[in-house]
Every structure is written in C-alpha cells, then in structure tokens.
Amino acid sequence: MPARTLIDRRDEFQRALAAWYRQHARRLPWREAPSLYKTVVSEFMLQQTQVRTVLPYFARWLDALPDFSALAAAPEARVLKLWEGLGYYSRARNLHRLARAVVALPAPPRTPEAWRELPGIGPYTAAAITSISFGAPAACVDGNVVRILARLTADSTGFRDSASASKAFAALAAALLPPKNPGDHNQAMMELGATVCFRQNPACTVCPVLDFCAARLTGAPEDFPKLAPKKIEQRAVTRVWCEHGGRLLLHRAASHARRLADLHELPEPAALGLEADALAADGSTLLATGKRGITRYQITEKIHAARLTPALQRRIAAEPDSLRWIPLDQLDTVTLSGPHRRWVTEILAKRKKTEPSAASRGSAP
DNA sequence: AAGTCGGGGAG
DNA sequence: CTCCCAGACTT
C-alpha cells in the first residue's frame, strides 16, 4: 500500500519537500513582494500556460494595471490588448469581471468556496489563491500534482482526461497538506513537478522525496500517470488578405462570440460572401500558409490576396461592426489573435523587404 | 462526462 | 515535428 505508507510518513514528507523548496524555489515575479492581486493575476495567466510564457506578460500587465482598482477601471479593449498572444482569451475577460466584482465587495473573499463564486475560478485556482494569500487549508491539484502523486503511489489507473485524474487525487493531496504554510506546500509540489519530476526524463537523482516514491521502485516513473492520449484532428481554413488605400481588412468577432470575442483576425471568405474555392480558382496570390494548434485541432490556414470588388465593398459597408478597415500603420491599436498577429507582421515584413517602395507608398514625403 | 477554448514553447 | 502545460466553462 504505497498510498498508506506515504500518508503514514506525511510529516517527514512535508519536511523534506519544504526544506527543498526553501533552497530551490525559483525567483518568480509574483513571489517578490507577494500580494493578493499578483497571486490572482499570475494564477489566471498560468492556467494551461507555462511559467516561461507568462513572465513577459505578467511584467507588462503589472506595469499597466498595478492593482484591482486599475484593472476594474480599465476598458475591456485595453485588457484584451495586454492579453494579446497569451491565448484562451476568456481568461482575460473573466479576470476583468473578477476585478470588478472584488472592488465592489467590502473586502476580498478569504475562502475557496467564496472564490469559486467568482468568474474564472475553478477548484485549482480557488485553492491556489486562498492557500497562498490567506493560508487557507486547501490543496492544489494541477497537472504537476497529479503527476507527482501518481508517481509517489505508482498509481496505474488509466485516466480518461486530466479532470478525472485531478478528482481522483484530490483526497490524497488534501491528506498531505500541512496545517502550517499550506501555500508554500502547494507551491513546492508544483515547483517539484515543474523543475524535477518532469513528464519525461524526471530528474530522480536530485529529487528530495525520492525516498517516498513508489514509481522509482518500478524503474519507469515516466509511466505514471496513465492518461488517455487525445487524437488530433486536422482542419484547413482559408483567409483573405484584402488591402486598399493603405488599409487592411480585418474581421472582429462579436462580443458574445464563443471564440475570440472582440478579437481581430484576417477574415474567412464566408464572412465576405466569397467562396473559398472561387478565391483559389481566381488565381489569387497565396501570400502565406500558417499553422496553429489548439487542444485537439491542428489548423492550417492559407492566406489568399483578394481584390476589393464592388460586391465586396457593399458587403463590408453592410457589416461595419465585424468588418473593419485598419490602417497598416495602426495595426498595433487593435487586438489580433496570436497567430494572426504573427502572420500579418511576417507578410508585411516580407513585402517591405522585396518592395521597399510599396510599403512607403502614400506616406512618403 | 465530453467537448471547447481557435496557444505557445521546448525538445 | 511532438508533447506538455499552475484549468475553466459550456452543453
């Protein structure tokens, strides 16, 4: 019974982990002069996103919106712009709504249950925020913790997804949580997962809790946890590059759209009343091919140039909210999805290199 | 319970 | 290329 052994040696395990964490904790910006606001912002950004990716966004965000009041008072366009490229944009919208809810309260909630009522707060984030900021006895169960607990106990259960795995390890995580400094314990567990107990090639030789690990005895710690692989689906999308008078045509998703609400992307043919096939058959120039991935989709996007016809012009005039002409020198003022920001930048840079005169047309003295 | 969010980075 | 990641929300 590895699980029983681990719980029996709980105090010893906690001490070994805590001693390691004191010595090896990374210096991260949300750990310097920690505050509730920094903790909340970092936890939102870190949902499904690695520390390395978050770092520049976090710095920029704190600089622009230093506290709940500033965030609550900010227009949503500014919030989205600061989130541009980080992905999963509902996180930004939820964080914004959360800030407005928090400043409307006499004081921020202090329990996981109360935080769960706020937008964007699930079991993990509620436990992280309240244990770190208020010392609440709530155990975090994220991907790191699942991996560590599955290995400590050599649990060979086949989980269909990460949600069910988290649920399965919630009780053990709670049993291992010390009453003192639960926030540090939670962070130590995740730190161990991120810097030692890697998904592949775990650094067992430097693990502070190797002595408690049942998977080590099996000789194949990377076999745990057993998670069902997800199958990838390929998709193909055509995009339209329509430029006229130094302006680029972009499509803005509606505020209530399920995806990319209020964000801009290069329009799909359908949004312009065009047929994708006709566009390609028309012999229009293929400007670029890009790939993007999201969850189980691998999407290939072909960006075709299209001329501004009278019919297209009418269509654009009829949809002023979603089809917008953005001057090329003002593209920075709108928020694009990460991939489209990249591709638009690349296309413009390439053209500027091959035809320097075209890029400066109209703005030359 | 399953599907979706239209991501990004490192190996 | 592939795989993983400090999850939450909707249906």
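Within every chain, numbering begins at 1; the chains are lettered A, B, ... in the order of the sequence lines, protein sequences first and strands thereafter. Just so you know, these numbers come straight off a predicted model, no measurement behind them.
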Between CH2 of Trp83(A) and P of dG8(B) the distance, given in whole Å, is 13 Å
Hey, does Gly193(A) reach any base, or is it just sugar-phosphate, or nothing, if we go heavy atoms under 4.0 Å? nothing
- Query: Just checking Ser166(A): base, sugar-phosphate only, or nothing, at a heavy-atom cut-off of under 4.0 Å?
  - Reply: nothing
Below 4.0 angstrom from OP1 or OP2 of dT4(B), is there any side-chain N or O of Arg296(A)?
-> yes
In terms of heavy-atom contacts, Arg91(A) and Leu86(A) come closest through NH2-O, 3.1 Å
What residues 34-45 of chain A contributes to the DNA chain C interface at heavy-atom separation below 4.0 Å is Glu43(A)
Distance between the P atoms of dA6(C) and dT4(B), in whole angstroms? 24 Å
| said: One thing to verify: whether Glu113(A) and Arg116(A) come together as a salt bridge, which I'm taking to mean a side-chain N less than 4.0 angstrom from a carboxylate O. | reply: no
Exercise for review: Please determine if Arg199(A) and Glu222(A) form a salt bridge, counting it only when a charged side-chain N lies under 4.0 Å from a carboxylate O.
Suggested key: no
Taken to the nearest whole Å, CG/Leu266(A) to P/dG6(B) is 17 Å
Salt bridge check, Asp332(A) against Arg341(A): does any charged N sit closer than 4.0 Å to a carboxylate O? yes
Correct closest heavy-atom pair for Leu62(A) and Lys38(A) would be CD1-CG, 4.0 Å
Between CD of Gln50(A) and P of dG7(B) the distance, given in whole Å, is 16 Å
Arg235(A) CZ to dT4(B) C1', in whole Å, measures 10 Å
Q: Describe the nucleic acid contact of Ile121(A) in one word from base, sugar-phosphate, nothing, applying a heavy-atom distance below 4.0 Å.
A: sugar-phosphate
### Whole-angstrom distance between dG6(B) and dC4(C), as gauged at atom P
23 Å
Taken to the nearest whole Å, CG/Asp161(A) to P/dA2(B) is 7 Å
Test ring-ring contact (aromatic ring centres under 6.0 Å, His included) on Tyr57(A) and Trp83(A); report intermediate values, then the result.
CA-CA 7 Å; Tyr57(A) 285 91; Trp83(A) 204 273; 7.6 Å; no
Judged by nearest nucleotide, the residue sitting upstream toward the 5' end of DNA chain C, Asn94(A) or Arg199(A), is Arg199(A)
**Prompt:** Ion pair present between Glu233(A) and Arg235(A), side-chain N to carboxylate O less than 4.0 angstrom?
**Reply:** yes
Footprint ends on DNA chain C, 5' to 3', for atoms under 4.0 angstrom from a heavy atom of chain A, come out as dC1(C) to dC9(C)
Quiz item: Could Glu265(A) and Arg292(A) be called an ion pair, given the rule that one side-chain N must be under 4.0 Å from one carboxylate O?
Solution: yes
Between CD of Glu84(A) and C1' of dG6(B) the distance, given in whole Å, is 15 Å
Do NZ/NE/NH1/NH2 and the carboxylate oxygens of Arg15(A) and Glu12(A) come within less than 4.0 Å?
no
Atom CG of Leu263(A) and atom C1' of dG6(B) are separated, to the nearest Å, by 10 Å
The answer to which of Arg258(A) and Gln48(A) contacts DNA chain B further toward the 5' end, by nearest nucleotide, is Arg258(A)
Whichever of Arg116(A) and Phe198(A) has the more 5' nearest nucleotide on DNA chain C, that residue is Phe198(A)
Sugar-phosphate, base or nothing in reach of Arg31(A), heavy atoms under 4.0 Å = base
Looking across every strand, which nucleic acid part, if any, lies under 4.0 Å from Gly293(A) by heavy atom: base, sugar-phosphate, or nothing?
-> base
To the nearest angstrom, the OH-P distance between Tyr57(A) and dG7(B) comes to 11 Å
Using a heavy-atom cut-off of under 4.0 Å over every strand shown, decide if Arg259(A) touches base, sugar-phosphate, or nothing.
base
Test side chain to side chain contact (heavy atoms under 4.5 Å, CB included), reference Leu71(A), set Leu98(A), Val40(A), Leu65(A), output is Leu65(A)
